[in-house]
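Here the structure is a predicted model, which is why all the values come from computation and not from measurement. Order of the sequence lines fixes the chain letters, A, B, ..., with proteins taken first and strands second; residue numbering starts at 1 for each chain. These values consider heavy atoms only, across backbone and side chains, with no hydrogens, waters or symmetry-generated copies.
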Protein chains: 2
Amino acid sequence: MAEKVSPTLDKRVARSRATVLMETYRQLSEGGIGGVSIDAVSKRSGVSKTTIYRHWPSRSALLLEACASFGAPARVPGTGSLRGDLHALLTSLAGALDGTPWSKAYPSILDAAERDPEIATVQKQLHAAFMAPFEAVLQRACAAGEASLQGRATSELVARLVGPLFFRRWFSREAIDGRFVDAIIDAALK
Amino acid sequence: MAEKVSPTLDKRVARSRATVLMETYRQLSEGGIGGVSIDAVSKRSGVSKTTIYRHWPSRSALLLEACASFGAPARVPGTGSLRGDLHALLTSLAGALDGTPWSKAYPSILDAAERDPEIATVQKQLHAAFMAPFEAVLQRACAAGEASLQGRATSELVARLVGPLFFRRWFSREAIDGRFVDAIIDAALK
(Lines give C-alpha, C1' and ligand atoms only; values in the text may rest on other atoms or scores of the structure.)
Protein backbone atom coordinates (compact mmCIF):
# COMPACT_ATOMS: atom_id res chain seq x y z
CA MET A 1 0.00 0.00 0.00
CA ALA A 2 1.32 3.41 -0.94
CA GLU A 3 2.41 5.65 1.90
CA LYS A 4 0.08 8.57 2.43
CA VAL A 5 1.66 12.01 1.85
CA SER A 6 0.84 14.18 4.86
CA PRO A 7 -1.03 17.42 4.16
CA THR A 8 1.82 19.31 5.89
CA LEU A 9 4.37 17.91 3.46
CA ASP A 10 2.05 18.69 0.53
CA LYS A 11 1.81 22.27 1.67
CA ARG A 12 5.57 22.54 2.09
CA VAL A 13 6.14 21.24 -1.45
CA ALA A 14 3.59 23.65 -2.85
CA ARG A 15 5.27 26.50 -0.99
CA SER A 16 8.76 25.61 -2.31
CA ARG A 17 7.43 25.34 -5.83
CA ALA A 18 5.76 28.73 -5.57
CA THR A 19 8.94 30.30 -4.13
CA VAL A 20 11.06 28.90 -6.95
CA LEU A 21 8.60 30.10 -9.60
CA MET A 22 8.41 33.56 -8.07
CA GLU A 23 12.19 33.89 -7.89
CA THR A 24 12.55 32.65 -11.49
CA TYR A 25 10.01 35.18 -12.64
CA ARG A 26 11.75 37.96 -10.69
CA GLN A 27 15.07 37.17 -12.39
CA LEU A 28 13.36 36.95 -15.77
CA SER A 29 11.71 40.36 -15.36
CA GLU A 30 14.89 41.99 -14.16
CA GLY A 31 17.49 40.70 -16.58
CA GLY A 32 15.57 38.93 -19.32
CA ILE A 33 15.91 35.24 -20.02
CA GLY A 34 19.73 35.46 -19.97
CA GLY A 35 19.43 36.65 -16.38
CA VAL A 36 17.85 33.42 -15.08
CA SER A 37 20.29 30.97 -13.51
CA ILE A 38 19.26 27.84 -11.63
CA ASP A 39 22.22 28.42 -9.28
CA ALA A 40 20.96 31.87 -8.39
CA VAL A 41 17.32 30.70 -8.16
CA SER A 42 18.41 28.01 -5.71
CA LYS A 43 20.50 30.41 -3.65
CA ARG A 44 17.85 33.12 -3.42
CA SER A 45 14.87 30.82 -2.90
CA GLY A 46 16.63 28.55 -0.39
CA VAL A 47 15.43 25.50 -2.37
CA SER A 48 18.19 23.07 -3.30
CA LYS A 49 19.11 22.50 -6.94
CA THR A 50 18.29 18.79 -6.51
CA THR A 51 14.76 19.68 -5.47
CA ILE A 52 14.41 22.20 -8.30
CA TYR A 53 15.47 19.58 -10.86
CA ARG A 54 13.08 17.07 -9.29
CA HIS A 55 10.17 19.39 -10.11
CA TRP A 56 11.44 20.76 -13.43
CA PRO A 57 13.63 18.51 -15.58
CA SER A 58 15.22 21.47 -17.41
CA ARG A 59 15.73 25.22 -17.25
CA SER A 60 13.22 25.60 -20.12
CA ALA A 61 10.56 23.66 -18.20
CA LEU A 62 11.03 25.98 -15.23
CA LEU A 63 10.93 29.08 -17.46
CA LEU A 64 7.76 27.89 -19.16
CA GLU A 65 5.93 27.35 -15.89
CA ALA A 66 7.20 30.63 -14.43
CA CYS A 67 5.91 32.55 -17.43
CA ALA A 68 2.67 30.62 -17.70
CA SER A 69 1.70 31.00 -14.07
CA PHE A 70 2.29 34.75 -13.86
CA GLY A 71 1.44 36.20 -17.25
CA ALA A 72 -1.82 34.27 -17.09
CA PRO A 73 -3.88 34.31 -20.30
CA ALA A 74 -7.28 35.98 -20.08
CA ARG A 75 -10.37 33.83 -19.60
CA VAL A 76 -12.83 33.50 -22.47
CA PRO A 77 -15.38 36.29 -21.93
CA GLY A 78 -19.06 35.81 -22.55
CA THR A 79 -20.52 39.30 -22.97
CA GLY A 80 -23.13 38.11 -25.44
CA SER A 81 -21.63 39.84 -28.49
CA LEU A 82 -18.46 39.39 -30.52
CA ARG A 83 -17.70 43.11 -30.24
CA GLY A 84 -18.12 42.97 -26.47
CA ASP A 85 -15.96 39.87 -26.17
CA LEU A 86 -13.16 41.38 -28.29
CA HIS A 87 -13.40 44.61 -26.32
CA ALA A 88 -12.98 42.70 -23.06
CA LEU A 89 -10.01 40.72 -24.40
CA LEU A 90 -8.17 43.66 -25.99
CA THR A 91 -8.72 45.90 -22.97
CA SER A 92 -7.32 43.21 -20.73
CA LEU A 93 -4.38 42.72 -23.12
CA ALA A 94 -3.72 46.48 -23.16
CA GLY A 95 -3.52 46.35 -19.36
CA ALA A 96 -1.15 43.37 -19.44
CA LEU A 97 1.11 45.26 -21.86
CA ASP A 98 1.25 48.41 -19.76
CA GLY A 99 4.58 48.37 -17.92
CA THR A 100 4.08 44.95 -16.33
CA PRO A 101 7.06 42.68 -15.57
CA TRP A 102 5.64 40.24 -18.11
CA SER A 103 5.68 42.80 -20.91
CA LYS A 104 9.23 43.82 -20.05
CA ALA A 105 10.44 40.21 -20.03
CA TYR A 106 8.69 38.91 -23.13
CA PRO A 107 11.12 40.33 -25.75
CA SER A 108 13.93 38.37 -24.11
CA ILE A 109 11.95 35.18 -24.79
CA LEU A 110 11.40 36.22 -28.41
CA ASP A 111 15.11 36.93 -28.71
CA ALA A 112 16.22 33.63 -27.18
CA ALA A 113 13.67 31.79 -29.36
CA GLU A 114 15.57 32.97 -32.46
CA ARG A 115 18.61 30.96 -31.42
CA ASP A 116 17.53 28.29 -28.93
CA PRO A 117 15.06 25.61 -30.12
CA GLU A 118 14.04 24.71 -26.54
CA ILE A 119 13.11 28.31 -25.80
CA ALA A 120 11.37 28.48 -29.19
CA THR A 121 9.13 25.68 -27.92
CA VAL A 122 8.49 27.59 -24.68
CA GLN A 123 7.58 30.72 -26.69
CA LYS A 124 5.29 28.73 -29.00
CA GLN A 125 3.38 27.29 -26.02
CA LEU A 126 3.13 30.67 -24.30
CA HIS A 127 1.89 32.30 -27.48
CA ALA A 128 -0.72 29.59 -28.07
CA ALA A 129 -1.99 29.99 -24.51
CA PHE A 130 -2.22 33.78 -24.82
CA MET A 131 -4.06 33.62 -28.14
CA ALA A 132 -6.45 30.82 -27.17
CA PRO A 133 -9.20 33.11 -25.79
CA PHE A 134 -9.12 35.19 -29.00
CA GLU A 135 -9.48 32.09 -31.12
CA ALA A 136 -12.27 30.82 -28.89
CA VAL A 137 -14.44 33.94 -29.18
CA LEU A 138 -13.84 34.23 -32.93
CA GLN A 139 -14.69 30.58 -33.55
CA ARG A 140 -17.77 30.77 -31.36
CA ALA A 141 -19.00 33.85 -33.26
CA CYS A 142 -18.22 32.23 -36.58
CA ALA A 143 -20.17 29.12 -35.62
CA ALA A 144 -23.06 31.37 -34.60
CA GLY A 145 -23.06 32.83 -38.13
CA GLU A 146 -21.57 36.27 -37.37
CA ALA A 147 -21.69 37.95 -40.80
CA SER A 148 -18.53 40.05 -40.45
CA LEU A 149 -16.39 36.91 -40.03
CA GLN A 150 -17.55 34.89 -43.02
CA GLY A 151 -14.71 33.83 -45.30
CA ARG A 152 -11.99 35.10 -42.97
CA ALA A 153 -9.35 32.88 -41.43
CA THR A 154 -9.20 33.05 -37.64
CA SER A 155 -5.41 33.33 -37.69
CA GLU A 156 -5.62 36.38 -39.97
CA LEU A 157 -8.12 38.06 -37.64
CA VAL A 158 -6.00 37.35 -34.56
CA ALA A 159 -2.99 38.94 -36.30
CA ARG A 160 -5.08 42.00 -37.19
CA LEU A 161 -6.46 42.34 -33.66
CA VAL A 162 -3.39 41.61 -31.57
CA GLY A 163 -0.59 42.67 -33.96
CA PRO A 164 -1.31 46.41 -33.70
CA LEU A 165 -1.23 46.28 -29.87
CA PHE A 166 2.07 44.37 -29.82
CA PHE A 167 3.39 46.87 -32.39
CA ARG A 168 2.59 49.79 -30.10
CA ARG A 169 3.98 48.18 -26.95
CA TRP A 170 7.30 46.82 -28.20
CA PHE A 171 8.06 48.55 -31.51
CA SER A 172 6.65 52.08 -31.73
CA ARG A 173 6.29 52.41 -27.94
CA GLU A 174 3.11 54.44 -28.23
CA ALA A 175 0.32 54.45 -25.66
CA ILE A 176 -2.56 52.00 -26.19
CA ASP A 177 -5.73 53.86 -25.25
CA GLY A 178 -9.41 52.99 -25.47
CA ARG A 179 -9.80 54.86 -28.75
CA PHE A 180 -7.06 52.76 -30.35
CA VAL A 181 -8.64 49.53 -29.09
CA ASP A 182 -12.01 50.59 -30.53
CA ALA A 183 -10.45 51.46 -33.89
CA ILE A 184 -8.78 48.05 -34.10
CA ILE A 185 -12.05 46.25 -33.34
CA ASP A 186 -14.02 48.41 -35.80
CA ALA A 187 -11.54 47.61 -38.53
CA ALA A 188 -11.63 43.87 -37.78
CA LEU A 189 -15.43 43.67 -37.81
CA LYS A 190 -16.01 45.76 -40.94
CA MET B 1 46.11 75.77 -44.90
CA ALA B 2 44.64 72.41 -44.01
CA GLU B 3 46.59 69.39 -45.14
CA LYS B 4 44.91 67.51 -47.93
CA VAL B 5 43.79 63.96 -47.10
CA SER B 6 45.07 61.65 -49.81
CA PRO B 7 42.43 59.61 -51.69
CA THR B 8 44.32 56.44 -50.68
CA LEU B 9 43.93 57.28 -46.99
CA ASP B 10 40.26 58.11 -47.52
CA LYS B 11 39.72 54.73 -49.10
CA ARG B 12 41.56 52.97 -46.31
CA VAL B 13 39.39 54.71 -43.69
CA ALA B 14 36.24 53.83 -45.58
CA ARG B 15 37.38 50.21 -45.78
CA SER B 16 38.11 49.99 -42.02
CA ARG B 17 34.76 51.52 -41.21
CA ALA B 18 32.98 49.04 -43.47
CA THR B 19 34.91 46.10 -41.95
CA VAL B 20 34.03 47.18 -38.41
CA LEU B 21 30.35 47.64 -39.30
CA MET B 22 30.20 44.27 -41.03
CA GLU B 23 31.82 42.49 -38.07
CA THR B 24 29.50 44.26 -35.62
CA TYR B 25 26.50 43.20 -37.65
CA ARG B 26 27.80 39.63 -37.86
CA GLN B 27 28.11 39.43 -34.08
CA LEU B 28 24.70 41.03 -33.65
CA SER B 29 23.02 38.50 -35.96
CA GLU B 30 24.74 35.57 -34.34
CA GLY B 31 24.37 36.27 -30.65
CA GLY B 32 21.98 39.20 -30.39
CA ILE B 33 22.94 42.53 -28.92
CA GLY B 34 24.53 40.89 -25.87
CA GLY B 35 26.89 39.12 -28.28
CA VAL B 36 28.51 42.33 -29.54
CA SER B 37 31.77 43.24 -27.83
CA ILE B 38 34.09 46.05 -28.98
CA ASP B 39 37.04 43.88 -27.91
CA ALA B 40 35.94 41.06 -30.19
CA VAL B 41 35.02 43.44 -33.03
CA SER B 42 38.52 44.92 -32.83
CA LYS B 43 40.19 41.51 -32.72
CA ARG B 44 38.20 40.03 -35.61
CA SER B 45 38.24 43.10 -37.85
CA GLY B 46 41.91 43.93 -37.22
CA VAL B 47 40.94 47.56 -36.51
CA SER B 48 42.27 48.90 -33.22
CA LYS B 49 39.90 49.87 -30.43
CA THR B 50 41.34 53.43 -30.51
CA THR B 51 40.32 53.73 -34.16
CA ILE B 52 36.90 52.23 -33.50
CA TYR B 53 36.26 54.74 -30.71
CA ARG B 54 37.48 57.56 -32.97
CA HIS B 55 34.67 56.77 -35.40
CA TRP B 56 31.99 55.79 -32.91
CA PRO B 57 32.00 57.46 -29.50
CA SER B 58 30.05 54.60 -27.88
CA ARG B 59 28.96 51.00 -28.35
CA SER B 60 25.41 52.24 -28.99
CA ALA B 61 26.58 54.57 -31.77
CA LEU B 62 28.33 51.65 -33.45
CA LEU B 63 25.28 49.40 -33.03
CA LEU B 64 22.99 52.05 -34.48
CA GLU B 65 25.10 52.50 -37.59
CA ALA B 66 25.60 48.75 -38.03
CA CYS B 67 21.84 48.19 -37.93
CA ALA B 68 20.99 51.23 -40.02
CA SER B 69 23.41 50.43 -42.82
CA PHE B 70 22.39 46.78 -43.24
CA GLY B 71 18.68 46.60 -42.46
CA ALA B 72 18.17 49.54 -44.81
CA PRO B 73 14.64 50.98 -44.83
CA ALA B 74 12.72 50.72 -48.09
CA ARG B 75 12.60 53.71 -50.42
CA VAL B 76 9.32 55.57 -50.84
CA PRO B 77 7.60 53.90 -53.81
CA GLY B 78 5.71 55.88 -56.42
CA THR B 79 3.40 53.41 -58.16
CA GLY B 80 0.71 56.00 -58.73
CA SER B 81 -1.80 54.55 -56.25
CA LEU B 82 -1.94 54.19 -52.49
CA ARG B 83 -2.79 50.50 -52.82
CA GLY B 84 0.18 49.96 -55.13
CA ASP B 85 2.52 51.85 -52.82
CA LEU B 86 1.39 49.88 -49.76
CA HIS B 87 1.69 46.64 -51.69
CA ALA B 88 5.28 47.48 -52.65
CA LEU B 89 6.19 48.43 -49.08
CA LEU B 90 4.55 45.43 -47.37
CA THR B 91 5.95 42.97 -49.91
CA SER B 92 9.41 44.38 -49.36
CA LEU B 93 8.89 44.21 -45.58
CA ALA B 94 7.71 40.59 -45.83
CA GLY B 95 10.96 39.80 -47.65
CA ALA B 96 13.05 41.59 -45.01
CA LEU B 97 11.30 39.56 -42.31
CA ASP B 98 11.90 36.21 -43.97
CA GLY B 99 14.84 34.59 -42.20
CA THR B 100 17.23 37.52 -42.70
CA PRO B 101 19.99 38.24 -40.17
CA TRP B 102 18.25 41.53 -39.47
CA SER B 103 14.98 39.83 -38.52
CA LYS B 104 16.81 37.38 -36.27
CA ALA B 105 18.73 40.16 -34.50
CA TYR B 106 15.92 42.67 -34.01
CA PRO B 107 14.28 41.04 -30.95
CA SER B 108 17.58 41.38 -29.09
CA ILE B 109 17.38 45.14 -29.66
CA LEU B 110 13.79 45.20 -28.41
CA ASP B 111 14.86 43.22 -25.37
CA ALA B 112 17.84 45.44 -24.55
CA ALA B 113 15.66 48.54 -25.08
CA GLU B 114 13.50 47.42 -22.14
CA ARG B 115 16.40 47.86 -19.74
CA ASP B 116 19.01 50.13 -21.39
CA PRO B 117 17.99 53.74 -22.18
CA GLU B 118 20.82 54.15 -24.73
CA ILE B 119 19.66 51.10 -26.67
CA ALA B 120 16.08 52.34 -26.33
CA THR B 121 17.22 55.45 -28.23
CA VAL B 122 18.87 53.27 -30.89
CA GLN B 123 15.65 51.24 -31.25
CA LYS B 124 13.55 54.39 -31.48
CA GLN B 125 15.70 55.76 -34.31
CA LEU B 126 15.72 52.43 -36.16
CA HIS B 127 11.97 52.14 -35.84
CA ALA B 128 11.40 55.70 -37.08
CA ALA B 129 13.64 55.04 -40.11
CA PHE B 130 11.84 51.78 -40.94
CA MET B 131 8.38 53.34 -40.66
CA ALA B 132 9.22 56.57 -42.53
CA PRO B 133 8.30 55.26 -46.01
CA PHE B 134 4.91 54.05 -44.70
CA GLU B 135 4.20 57.45 -43.20
CA ALA B 136 5.32 59.17 -46.39
CA VAL B 137 2.96 57.26 -48.70
CA LEU B 138 0.03 57.59 -46.28
CA GLN B 139 0.54 61.33 -45.85
CA ARG B 140 0.95 61.84 -49.59
CA ALA B 141 -2.30 59.96 -50.27
CA CYS B 142 -4.07 61.85 -47.50
CA ALA B 143 -2.92 65.19 -48.93
CA ALA B 144 -4.19 64.04 -52.34
CA GLY B 145 -7.64 63.51 -50.80
CA GLU B 146 -7.69 59.67 -50.72
CA ALA B 147 -11.18 58.97 -49.37
CA SER B 148 -10.35 55.80 -47.43
CA LEU B 149 -7.91 57.70 -45.20
CA GLN B 150 -10.08 60.62 -44.11
CA GLY B 151 -10.33 60.98 -40.37
CA ARG B 152 -7.74 58.30 -39.65
CA ALA B 153 -4.49 58.96 -37.79
CA THR B 154 -1.39 57.90 -39.73
CA SER B 155 0.08 56.22 -36.65
CA GLU B 156 -3.03 54.06 -36.28
CA LEU B 157 -2.83 52.98 -39.93
CA VAL B 158 0.86 52.14 -39.66
CA ALA B 159 0.13 49.95 -36.62
CA ARG B 160 -2.68 48.19 -38.53
CA LEU B 161 -0.49 47.64 -41.61
CA VAL B 162 2.82 46.67 -40.04
CA GLY B 163 1.66 45.19 -36.71
CA PRO B 164 0.14 42.03 -38.26
CA LEU B 165 3.36 41.28 -40.19
CA PHE B 166 5.53 41.73 -37.10
CA PHE B 167 3.05 39.54 -35.20
CA ARG B 168 3.47 36.72 -37.70
CA ARG B 169 7.26 36.96 -37.87
CA TRP B 170 8.18 37.19 -34.20
CA PHE B 171 5.14 36.05 -32.20
CA SER B 172 3.01 33.47 -34.01
CA ARG B 173 5.83 32.49 -36.39
CA GLU B 174 3.46 31.93 -39.28
CA ALA B 175 4.37 32.45 -42.94
CA ILE B 176 3.63 35.85 -44.48
CA ASP B 177 2.33 35.17 -47.99
CA GLY B 178 0.89 37.40 -50.70
CA ARG B 179 -2.66 36.59 -49.70
CA PHE B 180 -2.01 37.78 -46.13
CA VAL B 181 -0.42 41.01 -47.39
CA ASP B 182 -3.45 41.66 -49.64
CA ALA B 183 -5.87 41.01 -46.75
CA ILE B 184 -4.02 43.49 -44.53
CA ILE B 185 -4.12 46.18 -47.23
CA ASP B 186 -7.80 45.52 -48.02
CA ALA B 187 -8.66 45.91 -44.34
CA ALA B 188 -6.67 49.14 -44.01
CA LEU B 189 -8.25 50.77 -47.07
CA LYS B 190 -11.84 49.78 -46.36
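Considering only heavy-atom pairs separated by less than 4.5 Å from chain B, the leading option among Ile184(A), Val162(A), Leu165(A) is Val162(A). Top candidate by heavy-atom pairs under 4.5 Å with chain B, chosen from Tyr106(A), Phe171(A), Trp170(A), is Phe171(A). Counting heavy-atom pairs closer than 4.5 Å to chain A, the top-ranked of the candidates Ala120(B), Ala183(B), Ser155(B) is Ser155(B). In terms of heavy-atom pairs under 4.5 angstrom with chain B, the leader among Gly32(A), Ala105(A), Ala153(A) is Gly32(A). Per-residue heavy-atom pair counts under 4.5 Å with chain A were compared for His127(B), Arg179(B), Lys190(B), and the maximum is reached by His127(B). Of the residues considered (Ala112(A), Pro164(A), Ala187(A)), Pro164(A) shows the highest number of contacts with chain B, using heavy-atom pairs under 4.5 Å. Ranked by heavy-atom pairs under 4.5 Å with chain A, the list Arg152(B), Arg160(B), Arg173(B) is led by Arg173(B).
Under 4.0 Å is where a charged nitrogen must lie from a carboxylate oxygen, and between Arg83(B) and Asp186(B) at least one such pair does. For Glu30(A) and Arg115(B), the salt-bridge test fails: no basic side-chain N is under 4.0 Å from an acidic carboxylate O.
Both the backbone and the side chain of Ala113(A) come within contact range of chain B, judged by heavy atoms closer than 4.5 Å. In this structure, chain B has a heavy atom under 4.5 Å from the side chain of Gln123(A), while its backbone stays farther away.
Using a distance-only test at 3.5 Å, with no hydrogens or angles considered, a donor-acceptor pair links the side chain of Ser45(A) to the main chain of Val41(A). Looking only at distances, a side-chain donor or acceptor of Arg59(A) sits under 3.5 Å from a matching main-chain atom of Val36(A). A donor-acceptor pair under 3.5 Å is formed between the side chain of Asp85(B) and the backbone N or O of Thr79(B). Using modelled atom types, no side-chain atom of Arg168(A) and backbone atom of Glu174(A) make a donor-acceptor pair closer than 3.5 Å.
No side-chain donor from either of Thr19(A) and Ser16(A) sits under 3.5 Å from a side-chain acceptor of the other.
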